[in-house]
Amino acid sequence: MPATPRTHGCGELRPEHAGQTVILAGWVLRRRDLGALLFFDLRDRGGVVQVVCNQQTQPEVHALAEQLRSEYVVWLEGEVVRRAADTVNPSLATGAIEVVARRLLILNDARTPPFSLDSEAPASEDARLQYRFVDLRRPSMQRNLKLRHDLALAARRYFDAQGFLEIETPFLTRSTPEGARDYLVPSRVRPGEFYALPQSPQLFKQILMIGGCERYFQIVRCFRDEDLRADRQPEFTQIDVEMSFPTLPAIYDLIEGLLEAVFAAAGQTLARPFPRLSWQQAMLGYGSDKPDLRLPAMAELASLLPAAAREQLKLRAGQPVFLIRIPNVGELSRRERDELRPWAEGRPVKVFEDFARLEKSFPEFAASARAAAAAQAGDLLVLVGEPEGGALPAWELARQAGQLRLWLAQRFAARHGAFAAGAFRFCWVTEFPMFEWDAEEKRWNAAHHPFTAPREEDLPHLTSAPEKVYAQAYDVVLNGVELGSGSIRNHRAEAQARVFAALGMNDEEAHRRFGFFLEALRYGTPPHGGIALGLDRLVMILAGENSIREVIAFPKTASAADLMMRAPTPVSPRQLRELGLSLRAEEPRR
RNA sequence: GGGGACGUAGUUCAGCUGGUUAGAACGCCGGCCUGUCACGUCGGAGGUCGCGGGUUCGAGCCCCGUCGUCCCCGCCA
């Protein structure tokens with residue numbers, strides 16, 4: 001390659017560059033060979049420009065250009081020329097000009113790509129992951145990675161301006177059996193012992209607070225060996241935050257400011273302050289602890305439903321009745337109502353999707369229900385209750401209704417339009433229950449994590465009635481996606497020990513697992529609290545994607561494999577021996 | 001761990017009730033072409049129907065198993 005650097009990016013050339021000699025380098029997107037006249041589109045990271053090679057005026061360049069194929073890597077020197085009016089390509093940012101090639105070099109050839117690089121053209125997920133080095137060249141991947149960079153940069157600038165320090169924490173750390181399964185790393189120096197990759201830097205960031213760092217953040221990889229989803233990868237990135245001497249309003253304000261700054265980097269504005277819902281409000285109104293506020297809440301109508309009507313509808317006495325309202329969907333057709341039936345079948349709920357019929361039978365109830373839900377003409381109204389003989393807890397009934405709400409919202413998204421790109425509805429969900437009953441293990445689990453502080457006023461119930469204890473915890477939710485989760489922590493060793501006790505951990509066990517931490521708490525721990533936000537999900541939503549794989553350069557498949565590198569792999573017996581490991585069944589696959 | 005969808009040419013897909021030589025489009029290769037931009041046009045090559053077994057006179061199609069990809073439930077303190 002000549003020592004001359006590029007003078008321009010392909011995508012930045014405009015009519016005002018006409019007459020200039022430019023040096024470009026990039027990949028051949030497409031070639032259009034008209035015989036003695038040959039065009040090709042040259043692509044670099046910033047865009048695409050058309051290059052023209054004329055056999056008559058530049059025979060050597062033209063001859064070389066005839067060898068070009070898709071994804072060949074070329075260097076060229078040429079003149080920017082304004083196109084004749086009738087040959088302008090309005091669908092190309094650089095379509096008003098073209099580059100007349102004077103010198104051309106093929107820096108490298110390329111195999112035929114395994115799939116088209118047109119961003120619109122579909123390619124199978126496994127082909128894309130196996131040939132990620134090609135897939136990454138697609139405009140949508142380039143755009144998503146740039147967006148991710150912009151958001152991360154905005155976050156770092158914001159925290160810096162707020163006086164936060166980015167501090168790294170170890171990846172080789174200690175296994176904590178609670179929560180998600182750990183990825184384990186065997187120690188060679190200490191055979192039979194293992195590090196764990198962090199599920200989050202939770203204890204490190206709290207110890208940084210004890211260490212007087214006061215304001216910490218980190219954009220950090222976390223690892224959880226659990227089954228995957230479209231929005232879950234075994235390794236993912238968190239924007240992790242912790243501060244000393246916090247108040248709840250200060251944390252809300254800090255994080256809303258962060259999201260405002262991050263959205264600004266993506267050219268979006270958002271409304272502040274975010275609405276705050278208690279967990280109970282969220283469950284009752286949306287049937288979910290991550291409510292999607294783009295559509296109205298459900299109305300709970302038990303008190304409006306006359307006993308006679310409840311009896312006639314065969315609904316279980318004393319249970320809530322929910323009215324789902326989806327605006328602008330209108331009456332369902334017969335066929336659409338039929339689609340609903342399979343949804344309800346096999347679920348312990350009764351669905352009344354024909355509100356007009358209810359209206360005929362129970363005009364007064366229907367009128368008060370409409371009023372309670374603030375229903376407008378054109379709204380789809382669906383009533384959900386529990387059939388007689390059911391045994392659901394009220395919150396489970398609400399959850400079922402909430403799932404139907406989301407199903408309807410998705411099914412009729414085209415009609416209500418509330419899910420259009422660019423609609424961002426945030427909220428805080430607060431006042432979570434501190435504990436969840438684990439029916440299998442027959443014990444209480446921390447709903448958030450065991451370092452969360454209970455509300456002061458609930459402390460008396462900590463061991464006697466754990467179900468009455470609420471946590472000083474908060475989630476930030478965007479469009480029904482849990483973006484982040486945090487809490488005020490226990491900063492007194494006694495309080496922390498009482499939470500461990502409520503979780504059924506005796507002193508000895510607590511000390512074995514978290515002794516270092518309980519010890520640290522006794523050396524002047526300031527009140528502190530924080531939050532962690534999922535960067536991948538944030539980028540996914542802002543990019544309008546449905547999977548975080550689209551915003552991660554090298555993601556893994558649903559079975560946690562890297563199709564490009566082929567990981568994981570078996571390792572040699574020698575490696576195992578060195579680590580003091582032996583496999584229970586030595587059956588190398590394939 | 002469970003449920004569902006999918007697996008056929010390089011890619012995206014079609015392939016009827018099991019029936020003769022498995023198709024299309026795009027891509028690829030070659031010829032022609034001086035204003036194309038999804039160039040056009042003429043010709044051509046390209047298949048372990050994921051893999052293994054079974055049923056059958058006969059399997060891309062039916063059955064069993066297995067592998068892989070995606071989605072969901074469980075799981076994700």
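Computation of the quantities below employed the complete heavy-atom set of this structure, encompassing side-chain atoms and omitting hydrogens, waters and symmetry-equivalent molecules. The chains referred to below are lettered A, B, ... by the order of the sequence lines, with proteins before strands, and numbering in each begins at 1.
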Nucleotides 9-15 of chain B: which of its N/O atoms have a protein N/O under 3.5 Å away?
| unit_1 | atom_1 | unit_2 | atom_2 | d |
| --- | --- | --- | --- | --- |
| B:G10 | O2' | A:Pro114 | O | 3.2 |
| B:U11 | O4' | A:Pro114 | O | 3.3 |
| B:U12 | OP1 | A:Ser124 | N | 2.7 |
| B:U12 | OP1 | A:Ser124 | OG | 3.1 |

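With hydrogens and angles ignored, no donor-acceptor pair closer than 3.5 Å exists between the side chain of A:Asp86 and the base of B:G35. For A:Arg83 and B:C37, a side-chain-to-base donor-acceptor distance below 3.5 Å is present, hydrogens and geometry of angles not being considered. A donor and an acceptor atom sit less than 3.5 Å apart, one in the side chain of A:Gln50 and one in the base of B:U36. A donor-acceptor contact under 3.5 angstrom links the side-chain atoms of A:Arg232 to the base of B:C76. For B:G74, its base sits under 3.5 Å from the side chain of A:Arg229 at one donor and acceptor pair at least. Under 3.5 Å, the side chain of A:Arg31 and the base of B:C37 form no donor-acceptor pair of N or O atoms. Side chain A:Glu98 to base B:G35: a donor-acceptor pair is found below 3.5 Å.
For the C1' atoms, the distance from B:G50 to B:A24 is 22 Å, rounded to whole Å. Nucleotides B:C70 and B:C33 are separated by 45 Å at their C1' atoms, to the nearest Å. Nucleotides B:G1 and B:C63 have their C1' atoms positioned 25 Å apart, rounded to a whole Å. Rounded to whole Å, the separation between the P atoms of B:A25 and B:A45 comes to 15 Å. Taking atom C1' on both B:A14 and B:G47, the two are 15 Å apart, rounded to the nearest angstrom. Taking atom P on both B:G10 and B:C6, the two are 22 Å apart, rounded to the nearest angstrom. A gap of 46 Å separates the P atoms of B:C76 and B:G18, to the nearest Å.
By the 4.0 Å N-to-carboxylate-O rule, A:Glu125 lies close enough to A:Arg549 to be salt-bridged with it. Ionic pairing of A:Arg294 and A:Asp292 is present here: one or more N-O contacts between side-chain nitrogen and carboxylate oxygen are shorter than 4.0 angstrom.
A donor-acceptor contact under 3.5 angstrom links the side chains of A:Gln50 and A:Arg32, judged on distance only. Between the side chains of A:Gln218 and A:Thr169, a donor-acceptor pair is found at a separation under 3.5 Å. Judged by distance alone, the side chains of A:Arg489 and A:Ser487 do bring a donor and an acceptor atom under 3.5 Å apart. Side-chain contact, A:Asn144 with A:Glu545: a donor N or O sits under 3.5 Å from an acceptor N or O. At a cut-off of 3.5 Å, with distance as the only test, a side-chain donor of A:Asn445 or A:Arg443 sits close to an acceptor on the other residue.
For A:Arg549 and B:C71, the shortest distance from a side-chain N or O to OP1 or OP2 is below 4.0 Å. For A:Arg69 and B:C29, the shortest distance from a side-chain N or O to OP1 or OP2 is below 4.0 Å. Taking side-chain N and O atoms only, A:Ser559 has no distance below 4.0 Å to OP1 or OP2 of B:G68. Between B:C39 and A:Arg32, a contact under 4.0 Å exists linking OP1 or OP2 to a side-chain N or O. OP1 or OP2 of B:C39 sits under 4.0 Å from a side-chain N or O of A:Arg30.
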Inset, instruction - Evaluate the side-chain hydrogen bond (donor to acceptor under 3.5 Å, both in side chains) criterion for residues A:Arg347 and A:Gln403: first the C-alpha distance (whole Å), next the side-chain angles of each, then the deciding distance (0.1 Å), finally the verdict. - result: CA-CA 11 Å; A:Arg347 282 171 213 252; A:Gln403 285 182 359; 3.2 Å; yes
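Mapping A:Gly179 and A:Asn54 onto RNA chain B via the closest heavy atom, the residue that lands nearer the 5' end is A:Asn54. Positionally, the nearest nucleotide of RNA chain B for A:Thr87 lies more toward the 5' end than for the other of A:Thr87 and A:Ala446.
Across all strands shown, nothing is found opposite B:U21 as a Watson-Crick or G-U wobble partner with both distances under 3.5 Å.
Within the nucleic acid shown, A:Asp33 comes within 4.0 Å of at least one base atom, counting heavy atoms only. Using a 4.0 Å heavy-atom distance criterion, A:Glu436 is classed as making no nucleic acid contact. A:Ala36 comes within contact range of at least one nucleobase, with a heavy-atom separation under 4.0 Å. If you check every strand for non-hydrogen atoms under 4.0 Å, A:Thr557 touches sugar and phosphate atoms only.
The side chain of A:Leu563 approaches B:U69 more closely than any other nucleotide in the set B:U69, B:G74, B:U34.
Between A:Phe514 and A:Phe451, the ring-plane angle classifies as perpendicular under the 30° and 60° cut-offs.
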